[in-house]
Amino acid sequence: MSPLKALADAERKPYWLDRSIAPEPLPPLTGEVTADLAVVGGGFTGLWTALMAKERDPSLDVVLLEGRAVGWAASGRNGGFCAASLTHGLGNGQDRWPAEIATLERLGRENLDEIERTLTRYGVECSFERTGELRVATEEWQLAGLDEEVSAAASLGGRLERLDREQVRAEVDSPAYLGGVWDRQGVAMVDPARMAWGLRDVCVRLGVRVFEHTPVRSLHDDGLVLELGTPKGRVRAGRVALGTGAFPPLLRRLRHFLVPVYDYALMTEPVPDDLMAEIGWRNRQGIGDSANQFHYYRLTDDNRILWGGYDAVYHNGGLVRTEYDQRDATFEKLATHFFETFPQLHGLRFTHRWGGVIDTCSRFSAFFGTAYGSRLAYAAGYTGLGVGATRFGANVILDLLQGRVTERTELRMVRDKPMPFPPEPVRSGVIQLTRWAIARADEHEGRRNAWLRTLDAFGVGFDS
Ligand SMILES: Cc1cc2nc3c(=O)[nH]c(=O)nc-3n(C[C@H](O)[C@H](O)[C@H](O)COP(=O)(O)OP(=O)(O)OC[C@H]3O[C@@H](n4cnc5c(N)ncnc54)[C@H](O)[C@@H]3O)c2cc1C
């Protein structure tokens, strides 16, 4: 069966959100309410902020306002790789914050452990599996990068297992694999939508008032409190936390640092046991390949394969549009790559195809800040690796709102901002040129051209 035929019946919806277990949305806000803390955004950033605000101080009056449904955006439609890394990978963190990378790695590991403990403590069922991630090389030039990763981790006391061709194929049998690194501790697999829905329920149990289908349209400082305007009501809050991801921000200054980038994924039907046996994959690791334009893939509970990544698409003008969630050229490319990686699965069909928007910034890892005399705080810019890091970001938001000096708020990573993107139309030109150069680097054994080397020298780039 051709890749096109395998895609023919795939629903144009995120698999995770398209299930009968999806909860009913909570009613929207009507009328005026007051709160100590208003959280805007019901993705992982907002959910963790609201949840941990109540854990820090159960008497705090917290509301959460979500424009559509909790988890409908990136948080409920992603690959479900819940990584310890707070810096979009060790290499990126080491390049940018060499003096504090050991601390960042430790804080990241603690954050991931704490996510697991919290899910267990509240009984959130979301198939959280500490199976790790296998990063594979599919071209000779990528093998050196794997070796570098192992020694970089070792220099910080971490242990990654380097697998040769036979060893990696004994784990997961693809003829495309030339070698791999298994990071057993640093990544968990999770069902992202069930995690978002579960965190919503925990928030409600802890006393957070959650309003869905309640977009915040305005933000106004009346001197005493911050006032958030919604279509049928308003919130007067002492403190405001913004966790609005890649969407047009309520704080204008964030527009300089964020670009909305679309990432795409497919889901297969469950792989029959006999075919699964041919591939192996008994240890159920998440897998990522090592090109600049990389694929990520993992198993679900019922042994479907989620297959995503490769294209990272910026639409000129930086708009966020529902129609961008679908991109047939990318789906066809992804399906073709899937069968090249797993020819044994010839004949398998895809049941879902979707995309989603990520909040890319030029340093690929979240940035933080305050406004209105530190009565508002935000975290954004996770650039495609926020499933785990958003909990760290939520803790930073709460530290900043409480005016607390902590190990987190003292980090340069937290205090510094990324390099801003230039304004449009230069922004589109720069991003499209960079995407082209990245694709060329993959075709030329990873060699970076003068443009990418210049960006590297300034510590900026484009990623997903
Ligand atoms: C296809 C895809 C695959 C990905 N795979 C992975 C992965 O495997 N691992 C990983 O770590 N990361 C992955 N990511 C990224 C990850 O999903 C995000 O980093 C993370 O979910 C960001 O969470 P967030 O809460 O900051 O943003 P979001 O989940 O985007 O949530 C923001 C919320 O704010 C709401 N909102 C915005 N403006 C307003 C307003 N004015 N009023 C009210 N509500 C508002 C939105 O409706 C939305 O629900 C992926 C992303 C995509 C799209």
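Both ligands and their constituent atoms are indexed starting at 1 by order of listing. Computed over heavy atoms, backbone and side chain alike; hydrogens, waters and symmetry mates excluded. All values reported here derive from a predicted model rather than from experimental measurement.
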Nearest to [atom], what protein heavy atom do you find, and at what distance?
| atom | value |
| --- | --- |
| atom 6 (C) of ligand 1 | Asn78 CB, 3.5 Å |
| atom 39 (C) of ligand 1 | Thr244 CG2, 3.7 Å |
| atom 34 (O) of ligand 1 | Gly41 CA, 3.3 Å |
| atom 13 (C) of ligand 1 | Gly384 O, 3.2 Å |
| atom 43 (C) of ligand 1 | Gly67 N, 3.2 Å |
| atom 27 (O) of ligand 1 | Gly245 CA, 3.8 Å |
| atom 2 (C) of ligand 1 | Asp263 OD2, 3.5 Å |
| atom 16 (C) of ligand 1 | Gly386 N, 4.0 Å |

Per-atom contacts, ligand 1 versus [X] - under 4.0 Å to a heavy atom:
| X | value |
| --- | --- |
| Trp72 | 46 (C), 47 (O), 48 (C), 49 (O) |
| Ala73 | 30 (O), 48 (C), 49 (O) |
| Val40 | 40 (C), 42 (N), 43 (C) |
| Gly79 | 3 (C), 4 (C), 5 (N), 6 (C), 7 (C), 8 (O) |
| Tyr382 | 19 (O) |
| Ile358 | 51 (C), 52 (C), 53 (C) |
| Gly243 | 32 (C), 33 (C), 34 (O) |
| Thr214 | 43 (C) |

Are any of the N or O atoms of [X] closer than 3.5 Å to those of ligand 1?
| X | result |
| --- | --- |
| Val387 | yes |
| Gly46 | no |
| Gly80 | yes |
| Glu66 | yes |
| Phe247 | no |
| Arg77 | no |
| Ala69 | no |

is_close_aromatic([X], [Y]), centroid dist under 6.0 Å:
| X | Y | value |
| --- | --- | --- |
| Phe294 | Tyr310 | no |
| Tyr378 | Phe368 | no |
| Phe338 | Phe350 | yes |
| His256 | Phe421 | no |

>> Could you check whether any heavy atom of Ala83 sits closer than 4.0 Å to an atom of ligand 1, since that is the contact criterion I want to use?
In response: no

Polar side chain donor-acceptor pair, [X] to [Y], under 3.5 angstrom:
| X | Y | answer |
| --- | --- | --- |
| Tyr296 | Asp263 | yes |
| Asn303 | Arg284 | yes |
| Asn316 | Gln432 | yes |
| Thr230 | Arg217 | no |

Would you call [X] and [Y] a salt bridge, taking side-chain N to carboxylate O under 4.0 Å as the test?
| X | Y | answer |
| --- | --- | --- |
| Glu149 | Arg135 | yes |
| Arg298 | Asp191 | no |
| Glu100 | Arg106 | no |
| Arg121 | Glu55 | yes |

key: salt bridge (charged side-chain N to carboxylate O under 4.0 Å, His left out) evaluation trace for Arg12 with Asp325   = CA-CA 9 Å; Arg12 293 182 179 275; Asp325 291 352; over 6 Å; no

- Task: Name the orientation class of the two ring planes belonging to Tyr297 and Trp307 (parallel below 30°, tilted from 30 to 60°, perpendicular beyond 60°).
- Result: tilted

Identity of the nearest option to [atom], non-hydrogen atoms only, from [options]:
| atom | options | answer |
| --- | --- | --- |
| atom 9 (N) of ligand 1 | Phe81, Trp48, Tyr296 | Phe81 |
| atom 42 (N) of ligand 1 | Leu219, Val216, Val357 | Val216 |
| atom 23 (O) of ligand 1 | Ser75, Pro192, Ala389 | Ser75 |

Phe128 and Ala188 have their tightest heavy-atom pair at CZ-CB, 3.4 Å

Within 45° cone and under 6.0 Å: Arg68 NZ/CZ vs Trp72 ring: yes

Under 4.0 Å between heavy atoms, the region of Thr45 that gets near ligand 1 turns out to be both

